[in-house]
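Beneath this line is the structure, given in structure tokens, with notes to follow.
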Amino acid sequence: MSKTDKQQIFKLRFLIPAVLLFIFLFLFYGPIENFRRLFINTAIHTTRFQIFAKMLYTENYINKVIGRIEPEDNPRSDNSLLSHEWDDTITFAEIKGDHFKGYIIKINDPRRLIFPQSDKPEGYLLEQLVVKNEAIGGINASGYADANNRGIVWGTTVIDGEFTTRCYDGEHHVMGGFNKDYKLIIGGFTEEEIIEQQFLWAFEFFPLLVVNGEKPEFQPFSGGLAPRTAIGQTAQGHVLLVVVDGRQVASLGATFEDIQTILYANGAINAINLDGGASSTMVYHGRVINSPSDGEKERLLPNAILFR
């Protein structure tokens, strides 16, 4: 090897790392703010990749970017805005956006909904819960507390007015669920206030997407691009179940604002986000309709919102 060749190799050994470092610093700390917003929101709302955002940015900066709202600062739904215009109709449709695709099911009678829980620590596949409860279909609901025991719920849940699980992370909890009038109640509540709502069933998750016909404002790229699951209710009392695929070439995923727009456009006056990511699953007439992001390996679930 000639002296010139050795010099060129020596230069490359320093040049390549320098170029890579420049690209890294430019993307993650440079002038492209929207890239940082998208990266932080996508990473921080994904269990597997939260650590990367936390390694690169301070907690204060992350909270500023994602627009974190404390549970007690969440508004509450006013159930007097809803009426009872129910019938037996169930409709199913595909939804598409610029960077995602998904599905929406509209159930005109909220009395058809049930909220079954897993009776084993490992959880159930959504289609197993559908069969087990003789349902037509449904969507995933709560998050799970343990990756190895996905049947153990994260957060507070209520069935027939009684707590079935409790979350001790703070005094207030962002809840969604149906009361005895089959109206979707959402908002931030203390445990005492949760009991006062007389929930038939309820779950803890976030964020709120539509409240009393108004759309809460989100930071740009809030939630990042990811699979999403959500539930809403129209002024007529009809229930909307939405699932959006993500982390795939055919569907990159949706932000919180994207899923908010879908529900609002379909008439939701109250709506709340559910567990997303690889958990996002929809079953209709006995089969999985969407494409869960883990591929053929569906995620086991702690519970689900089903309809008969």
Side-chain angles (χ1 to χ4, degrees), residues 75-93 95 102-117 126 129-130 132-142 155-162 164 174-187 189 194-206 208-214 228-243 259-260 262-275 280-285 289 301 303-308:
R76 300 179 185 180
S77 56
D78 177 3
N79 61 19
S80 66
L81 300 176
L82 287 97
S83 60
H84 295 84
E85 300 176 32
W86 304 341
D87 59 54
D88 292 334
T89 305
I90 297 175
T91 56
F92 169 83
I95 49 180
Y103 305 90
I104 183 169
I105 296 175
K106 182 180 179 183
I107 300 121
N108 285 12
D109 189 343
R111 293 173 296 184
R112 304 179 74 143
L113 271 64
I114 58 175
F115 185 51
Q117 308 294 302
L126 180 57
L129 286 171
V130 168
K132 184 179 176 68
N133 291 276
E134 300 180 342
I136 297 171
I139 56 175
N140 63 291
S142 297
T156 300
T157 53
V158 177
I159 297 177
D160 294 329
E162 300 291 335
T164 49
V174 182
M175 301 293 296
F178 286 81
N179 68 5
K180 292 182 178 181
D181 293 323
Y182 299 94
K183 295 180 178 181
L184 178 62
I185 306 300
I186 59 175
F189 304 95
I194 291 171
I195 294 298
E196 292 171 2
Q197 303 309 308
Q198 296 185 313
F199 283 114
L200 285 175
W201 52 266
F203 52 83
E204 180 173 3
F205 217 79
F206 60 91
L208 305 183
L209 300 170
V210 185
V211 186
N212 300 324
E214 301 291 332
R228 301 281 176 213
T229 303
I231 183 172
Q233 190 173 36
T234 70
Q236 297 76 31
H238 305 163
V239 177
L240 305 172
L241 306 180
V242 174
V243 163
I259 203 80
Q260 176 191 64
I262 293 167
L263 285 154
Y264 188 81
N266 281 275
I269 65 169
N270 291 309
I272 185 172
N273 186 61
L274 299 167
D275 191 23
S280 288
T281 314
M282 176 180 282
V283 167
Y284 189 51
H285 286 302
I289 296 298
L301 306 174
N303 54 35
I305 298 171
L306 308 183
F307 58 94
R308 291 170 167 161

Backbone N/O of [Y] and side chain of [X]: donor-acceptor pair under 3.5 Å:
X: E204; Y: G155; result: no
X: Q233; Y: Y182; result: yes
X: R308; Y: N133; result: yes
X: D275; Y: A141; result: no
X: D109; Y: T89; result: no
X: T164; Y: T157; result: yes
X: S77; Y: I186; result: yes
X: H238; Y: E85; result: yes
X: N212; Y: D78; result: yes

Lys/Arg N to Asp/Glu carboxylate O, K183 vs D181, below 4.0 Å: no
Going through the checks in order, is the side chain to side chain contact (heavy atoms under 4.5 Å, CB included) test met by V211 and R76? CA-CA 7 Å; V211 186; R76 300 179 185 180; over 6 Å; no
Report the distance from atom [atom1] of [X] to atom [atom2] of [Y], rounding to the nearest 0.5 Å.
X: N108; Y: D87; atom1: CG; atom2: CG; result: 4.5 Å
X: L263; Y: I104; atom1: CG; atom2: CD1; result: 6.0 Å
X: Q236; Y: K106; atom1: CD; atom2: NZ; result: 6.5 Å

Test item: [X] and [Y] side chains (from C-beta on) under 4.5 Å apart, heavy atoms:
X: I231; Y: I272; value: yes
X: N270; Y: L82; value: yes
X: P116; Y: K132; value: no
X: R228; Y: V242; value: no
X: I159; Y: Q117; value: yes
X: T234; Y: N266; value: no
X: H285; Y: I136; value: yes
X: Q197; Y: V158; value: no

What is the ring orientation for [X] with [Y], classed by angle as parallel under 30°, tilted 30 to 60°, or perpendicular over 60°?
X: W201; Y: F178; answer: tilted
X: F307; Y: Y284; answer: tilted
X: F203; Y: F115; answer: tilted

